[in-house]
Amino acid sequence: MRYISTRGRAPVLSFEEAMLTGLARDGGLYVPDHVPSMTAVQIAALAGLTYEEVAFRVMKPYLSDTFDDATFRQLISKAYSGFGHKARAPLVQLAPNHFLLELFHGPTLAFKDFAMQLIGQMFQASLSRSGKRITIVGATSGDTGSAAIEAFRGLTNVDVFILYPHGRVSEVQRRQMTTPTEANVHALALDGDFDDCQAAVKDMFNDLAFRDSVGLAGVNSINWARVLAQVVYYFTAAVSLGAPYRQVSFTVPTGNFGDIFAGYIAKRMGLPIAQLVVATNQNDILHRTLQTGQQIKEGVTPSISPSMDIQVSSNFERVLFDAYDRDGLVVAKQMAELKERDGFAIGQGAWELLRDHFDSGRASEADTSATITRTLATTGELLCPHSAVGVHVAEHFTGPIPMVTLATAHPAKFPDAVEAATGIRPPLPSRMADLYERPERVTQVPNDLAALQALIRERITT
Ligand SMILES: *Cc1c(COP(=O)(O)O)cnc(C)c1O
């Protein structure tokens, strides 16, 4: 399997190279040159297997011979051993034919652990083989940074630096980043907002001399390996509900289009998915794009589901590439329009293809809160505000086909919104109940590129 860029002008890479590279040199995103399919017999054979074995069978074709089978099985097993639920991604029922896929049993209580834990293991295996070392630098508004730190803490040949906006992440998110004791973990509280953090990271990647001298690598949601790891739970959920003999639909709370794109890949592999529903909060650029065929940037209004407060959805480029029959030059042109003119119109044929695959809906702030309140009353389940956006939207699409809504975070990660809606302050799971007592370690940094680069050079441990 080879990986090509959505803009058609970057080198073709192997899985391992694409994983270590992240963004393509032409500004595009790497995608596999073809999507391998699974037959109904192969899908039926997944029934009753462990999450780890399903993960092995679903992902293996994408890796070619990156790792031998025994090694790959071992990496998967290590990746998910720290989860607080044996099923890894358990399904619970909310209503007749409506199910919730709980993706929050990982070490940082959000679905990003599914991908980040695995790429931590794969990065380390790859680096120890080549003898190289890398420096991961990332910006976060909360969930990505904590998942990255948790995945890379204590690994050899890697330092991980995470920039977050000082004073602007939740206490749970901050403590998840500042309490790990390993020397290769560096939490940096930047004087500025999330955009400043992202700009600083981007500037570091664009400083090629710096990039090469510290071996900079990125693990944000455009990394193909992250998308791939998320394809797995669509299979485990659908097979539990009767696939391949029965169709299943999914509703996905979405910001960067990463998680729902993984569902689209599962469908292309042959999983019988009837509907893929994009659920947005009040920052509804994706819903508007699917409804109107035009993607137009508007400002971001902070919401109670902050991990979906985005202006530009980076993974949308991947599905656009398919909608344009993999014509990278058209995609490059549309992305340039988005950057220069804050919007673009999708061609009629491409828009129709997108609408064949995706439905969409949005939840206002009031809808989100009301859904948290109502779901507790009717099912006993406490939803985080992101999952509530999904449940609200999914309720408009439930019918004879089973609907699965993805629950992307644990309610205890966003206790203020949950308490406001229900009067209940959700406790942390017992395995991390001492989070509030652990000592914190963080460096406050100015919003100054040269100072940041000097700090990173000085702190690198290996
Ligand atoms: C990241 C995140 C999302 C959005 O996921 P995308 O892959 O960006 O669509 C939704 N909910 C939570 C809790 C998240 O952390």
Side-chain angles (χ1 to χ4, degrees), residues 29 89 100-117 119 138-151 164 169-170 172-173 176-177 194 198 219-231 233-234 250-266 276-287 289-290 300 303-319 358 360 362-363 368 372 382-393 405-415 417-418 426:
L29 277 57
L100 193 70
L101 183 61
E102 293 185 346
L103 300 176
F104 51 67
H105 296 284
T108 71
L109 308 180
F111 81 89
K112 291 186 173 73
D113 289 325
F114 277 90
M116 210 66 96
Q117 286 292 321
I119 74 171
T140 189
S141 56
D143 292 335
T144 300
S146 48
I149 284 178
E150 196 56 47
Y164 69 84
V169 297
S170 82
V172 175
Q173 290 173 324
Q176 285 178 335
M177 294 189 275
F194 173 60
Q198 257 192 322
V219 291
N220 62 14
S221 76
I222 57 95
N223 195 304
W224 167 257
R226 279 187 60 183
V227 173
L228 177 60
Q230 293 170 194
V231 174
Y233 46 69
Y234 287 89
F250 288 91
T251 299
V252 187
T254 294
N256 251 324
F257 209 78
D259 213 0
I260 191 147
F261 184 74
Y264 163 83
I265 292 291
L276 281 167
V277 184
V278 169
T280 72
N281 64 20
Q282 61 190 4
N283 298 299
D284 60 354
I285 184 167
L286 285 168
H287 175 52
T289 302
L290 288 165
V300 167
S303 77
I304 56 171
S305 44
S307 305
M308 294 157 62
D309 287 345
I310 60 109
Q311 157 129 276
V312 172
S313 192
S314 42
N315 274 297
F316 190 73
E317 179 168 344
R318 286 193 159 111
V319 78
F358 300 99
S360 67
R362 96 195 269 280
T368 306
I372 298 175
L382 268 185
L383 296 175
C384 96
H386 307 80
S387 313
V389 166
V391 168
H392 171 80
V393 171
T405 298
L406 272 51
T408 51
H410 191 286
K413 205 161 185 183
F414 300 93
V418 175

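Start at 1 and go down the list; that is how both ligands and their atoms are numbered. As the structure is a computational prediction, the values presented were derived from the model and not from experiment. Residue numbers count from 1 along this sequence.
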Under 4.0 Å between heavy atoms, the region of K413 that gets near ligand 1 turns out to be neither
Ring-ring centroid check F358 F257, cutoff 6.0 Å:
yes
Checking contacts here: is it the side chain or the backbone of F257 that comes within 4.0 Å of ligand 1, counting heavy atoms only? Could be both or neither.
backbone
If you count the atoms of ligand 1 from 1 in the order shown, which ones are under 4.0 Å from a heavy atom of K112?
1 (C), 2 (C), 3 (C), 14 (C), 15 (O)
Nearest non-hydrogen contact with atom 13 (C) of ligand 1 belongs to which option: T108, T408, L103?
T408
Would you kindly specify which portion of T254 sits under 4.0 Å from ligand 1, judged on non-hydrogen atoms: side chain, backbone, both or neither?
both
For T254 and A279, indicate whether the former's side chain and the latter's backbone hold a donor-acceptor pair under 3.5 Å.
no
Using distance alone, with no hydrogens and no angle criterion, decide if R318 and N315 have a side-chain donor and acceptor under 3.5 Å apart.
yes
Within-shell test, F104 vs ligand 1, heavy atom, strictly < 4.0 Å
no
Between K112 and A148 (side chain of the first, backbone of the second, donor and acceptor by atom type, cut-off under 3.5 Å), is there such a pair?
no
Which of the atoms in ligand 1, numbered in the order shown and given with their element, are less than 4.0 Å from a heavy-atom of A409?
13 (C)
Would a distance-only check, ignoring hydrogens and angles, find a side-chain to backbone donor-acceptor pair under 3.5 Å from N256 to G258?
no
Flag side-chain contact, heavy atom, 4.5 Å: M116 against T144:
yes
Min N/O separation A110 to ligand 1 under 3.5 Å
no
Output yes when the distance from some N or O of ligand 1 to some N or O of D143 is under 3.5 Å, and no in every other case.
yes
Please confirm whether the backbone N or O of M177 pairs with a side-chain atom of S146, one donor and one acceptor, at under 3.5 Å?
no
G258: numbered ligand 1 atoms lying under 4.0 Å from its heavy atoms
6 (P), 7 (O), 9 (O)
